[in-house]
Number of protein chains: 2
Amino acid sequence: MQRKSGHVTLLDIARACGYSVSTVSIVLSEAPLSQNVAASTREQIRKMALHLGYHPDAYARSLRRRRSQTIAVLAYDLSDPFCIPVVHGIQASLQPASYLPLLVDAQTQRKLFDNYLRMILERRAEGVIVIASWIFQETNLLDDIEKNQVPIVIVGRDLTKRNVSSLLVDNKAGGALAMQHLIALGHRRIAIVRGPEELFDTELRWAGVQRAASEAGITIDPKLVYQLPNITDSTSGFEGGLHFAQEMLASKRPFTAVLAFDDLTALGVVRGLNSAGIRVPEDCSVVGFDDVLPAAVSTPGITTVHQPLKEMGLLAAEWTLQAINGREQQKERPVQLHNAQPELIVRMSTARAPARRKSSP
Amino acid sequence: MQRKSGHVTLLDIARACGYSVSTVSIVLSEAPLSQNVAASTREQIRKMALHLGYHPDAYARSLRRRRSQTIAVLAYDLSDPFCIPVVHGIQASLQPASYLPLLVDAQTQRKLFDNYLRMILERRAEGVIVIASWIFQETNLLDDIEKNQVPIVIVGRDLTKRNVSSLLVDNKAGGALAMQHLIALGHRRIAIVRGPEELFDTELRWAGVQRAASEAGITIDPKLVYQLPNITDSTSGFEGGLHFAQEMLASKRPFTAVLAFDDLTALGVVRGLNSAGIRVPEDCSVVGFDDVLPAAVSTPGITTVHQPLKEMGLLAAEWTLQAINGREQQKERPVQLHNAQPELIVRMSTARAPARRKSSP
DNA sequence: CGTCCTTATTCAAACGTTTGAATCTCTTGA
DNA sequence: TCAAGAGATTCAAACGTTTGAATAAGGACG
């Protein structure tokens, strides 16, 4: 009864109940024609399919239908908690459209990235969503995708100039939000941990921070600005923050608050401060960015700027689906840009500036 | 030049350089026969393929070759940091074998789980790796996979009784490790947060804890044992720990250490203790289990029992590949079980028991 | 009785590959 | 001159579906 390949085919069912492959196909794929098939026949075929454990071969089906029902999701690093909510949003969007997200994880490695991109093309993904980061310096590979007319959307970076629809958080607004929060709490000597220079977000957040400072008539002491090194692995944010704290404390420059580039950095800062005996938030406030899980569950919970990641994922998938449908109707979709609004999440790592100047022990 | 479908086929190349589809196929797929193809022809075909941007159609290829080169990875919830290192291990194993991991995330939803399982079967995955948890109560769906002769391996749960090769951490040893650590630090009044009853790990870890206690001649006060409720979402571990702390402190029963079921629970405990003014580890030690990212980056870092997740993922993929190869050679693979050895990671959340009895404020 | 619907089913081609067997063209040796 | 072999290329069938067109078997109607 079992085929040699181990999988049941239409032919098996056809033989088993004495109909042609066509009829069986029509019934099981619920084609329009199946209305003409006698109810008794339908019943019989369905029963047999169930009994034999039939599952239509996606390869044969896609080949014939010229649709893969697949959208590739290319994450630069799944171990970055940033990616997960985006993926969830995408899945939520794709599920009802019965598209399968082909989720691949480049693990921040360029070589893997290229490999997977090729695989995506071979698997005839109908669309590609890239969850991006610094991995993209040379994006020539996207050309390959474009050449094949596959719609592409990018999350976490603005590539509209290269004709790619993009979604990202309004980094400038986010940076300003964090800074305003610290200023409102009375902080004046605020240390800033800038992101790695290879990241696009870095400049934008920095611009927001500066805007907020100048609007409040505050000048940022350049000596209190620290530059994170480039990223080597997924924990380098934490270590950067730790290192910043040690260095800044050693320099004896007073500060009452730290604005960290992202949550992991903020957690590193907290660690560094604590081990020098400085309490957060009593002696020094710390604010992060992203709102990932570790920031929420650490103690004190890190005040941070929330990115609506799930919503961005949802929208990215929507756009991709629309582009696919649009292409069928020969309509050209315009390149879109979505600037998601960040939101300040106040937790326990920020407090009013201490009355007297005290930050180095 | 572009086909209507938007993808270049062998026929396009064949036409463009005047050879038959067969020759082109032989060259581009580097079949053994390609040694007989004239070097000049090879060159010409390769150039044309590159020029037109040819990518072989995985669907047609798999259909013909009867191999999907795909192994499905079914994670119960990607937002659980537990899953990620396992996935990384799997990827690392699969990459050199040029198998594509078809990564799907059930998001702890039974319905999604079933849907994806069907998809996996339709996509003719040659093997399935399940990263498991409580999601599996009724595992009848695995039968469907088994019926189709698809090798299956499960990570995080022992299903050898149901004929499924399994990898999991030695929970009993891990529980004992954590308990011994606390005992060695001089703790005697140790509160235990048991895991949810629906989880299999719960009983085993508990058994390890009890063994360690009795070996040290210590009795566990049943009043200090707390039972986590069943899981509702990915943050329920944290909330459970928080709730435990509040309840236990309200009861005024003295304790100097907490052994939490997992890291997220431990983080919840720390939060709960801290907000009642109890310092970790000075006043009370806390130990977790799993060694996920948030435990490492919080302050104080959580002392925990490390699971070698990446190694487990690696091995799971190895087994799957072996089973696939074995099946080709008609060899029956025996069901295997791997009990990974846990390792105690000492961080800052545990310390010697305070000299005087003090834990409730 | 022939024509024309309707209903139920099947034919056959196609999707893009791969591959065992076949073909064709030389060259070589007897 | 011819058979045999080697080298280069092509034929054609197959993988499991889907689907427009075709077929067959009844009726109903004029």
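Chain letters run A, B, ... following the sequence lines, proteins first, then strands; residues in each count from 1.
Between the A/Asp80 side chain and the A/Cys83 main chain, no donor and acceptor come within less than 3.5 Å of each other.
Rounding to whole angstrom units, CZ of residue A/Arg65 and P of D/dT17 are separated by 11 Å. Rounded to a whole Å, the CD atom of B/Glu43 is 15 Å from the P atom of D/dA8. Taking atom NE2 of residue B/His7 and atom P of nucleotide C/dG16, one finds them 10 Å apart after rounding to whole Å. The nearest whole Å value for the distance from the CD atom in A/Glu122 to the C1' atom in C/dC15 is 17 Å. Look at CD on B/Glu30: it is 11 Å from P on C/dT18, rounded to the nearest Å. Atom CD1 in B/Ile13 sits about 15 Å away from atom C1' in C/dT18, given to the nearest Å. For B/Leu28 and C/dG16, the CG to C1' distance is 13 Å, given to the nearest whole Å. Distance B/Leu10 CG to D/dT9 C1': 15 Å, rounded to the nearest Å.
Annotation: proximity of residues 53-64 of chain A to DNA chain C (heavy atom, distance under 4.0 Å) is found for A/Leu63, A/Arg64, numbered in ascending order.
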Interface polar pairs with nucleotides 8-11 of chain C, N/O, under 3.5 angstrom:
from	atom 1	to	atom 2	distance (Å)
C/dA8	OP2	A/Asn36	O	3.0
C/dA8	O5'	A/Asn36	O	3.4
C/dT9	OP1	A/Thr41	OG1	3.1
C/dT9	OP2	A/Ala38	N	3.1
C/dT9	OP2	A/Thr41	OG1	3.1
C/dT10	OP2	A/Ser20	N	2.9
C/dT10	OP2	A/Ser20	OG	3.1
C/dT10	OP2	A/Thr23	OG1	2.6
C/dC11	N4	A/Ser22	OG	2.9

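Every residue meeting the side-chain contact (heavy atoms from CB on, under 4.5 Å) condition with B/Thr160, not counting sequence neighbours, appears here in chain and number order: B/Asp158, B/Ser166, B/Val335, B/Leu337. Not counting sequence neighbours, the partners of A/Glu311 by the side-chain contact (heavy atoms from CB on, under 4.5 Å) test are A/Pro308. Listed by chain and residue number, nothing satisfies the side chain to side chain donor-acceptor pair (under 3.5 Å) test with A/Ser22 (two or more places apart in sequence, or in another chain). In this structure A/Ala38 satisfies the side-chain contact (heavy atoms from CB on, under 4.5 Å) test together with A/Ser40, A/Thr41, sequence neighbours excluded. Among residues two or more places apart in sequence or in another chain, the side chain to side chain donor-acceptor pair (under 3.5 Å) test is passed with A/Asn36 by none. Legend: residues meeting side-chain contact (heavy atoms from CB on, under 4.5 Å) with A/Met119, ordered by chain and number and at least two apart, are B/Leu100.
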Output a table of donor-acceptor pairs, distance under 3.5 Å, between side-chain atoms of residues 120-128 of chain B and any protein atom two or more places apart or on a different chain; print 'none' if there are none.
from	atom 1	to	atom 2	distance (Å)
B/Arg123	NH1	A/Thr70	OG1	2.8
B/Arg123	NH1	B/Tyr59	OH	3.4
B/Arg123	NH2	A/Ser68	O	3.3
B/Arg123	NH2	A/Thr70	OG1	3.4
B/Arg124	NH1	A/His55	O	3.2
B/Arg124	NH1	B/Leu121	O	2.9
B/Arg124	NH2	A/His55	O	2.8
B/Glu126	OE1	B/Arg67	NH2	2.8
B/Glu126	OE1	B/Tyr99	OH	2.8
B/Glu126	OE2	B/Ser68	N	3.0
B/Glu126	OE2	B/Gln69	N	2.7

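Fit an axis to the five pairs at each end of the helix from C/dC1-D/dG30 to C/dA30-D/dT1 and the two axes sit 80° apart, to the nearest 10 degrees.
Sorted by first then second residue, the side chain to side chain donor-acceptor pair (under 3.5 Å) pairs that include residues 82-96 of chain B, not counting sequence neighbours, are A/Asp105-B/His88, A/Gln107-B/Gln91, A/Tyr116-B/Gln91, A/Tyr116-B/Gln95, B/Ser93-B/Glu318. Applying the salt bridge (Lys or Arg N to Asp or Glu O under 4.0 Å) definition to pairs two or more places apart or across chains, those involving residues 26-45 of chain B are B/Glu43-B/Lys47.
Taking the six-membered ring for Trp and thresholds of 30 and 60 degrees, A/His338 and A/Trp319 have ring planes more than 60 degrees apart, a perpendicular arrangement.
Of the side-chain N and O atoms in B/Arg66, none sit less than 4.0 angstrom from OP1 or OP2 of D/dC15.
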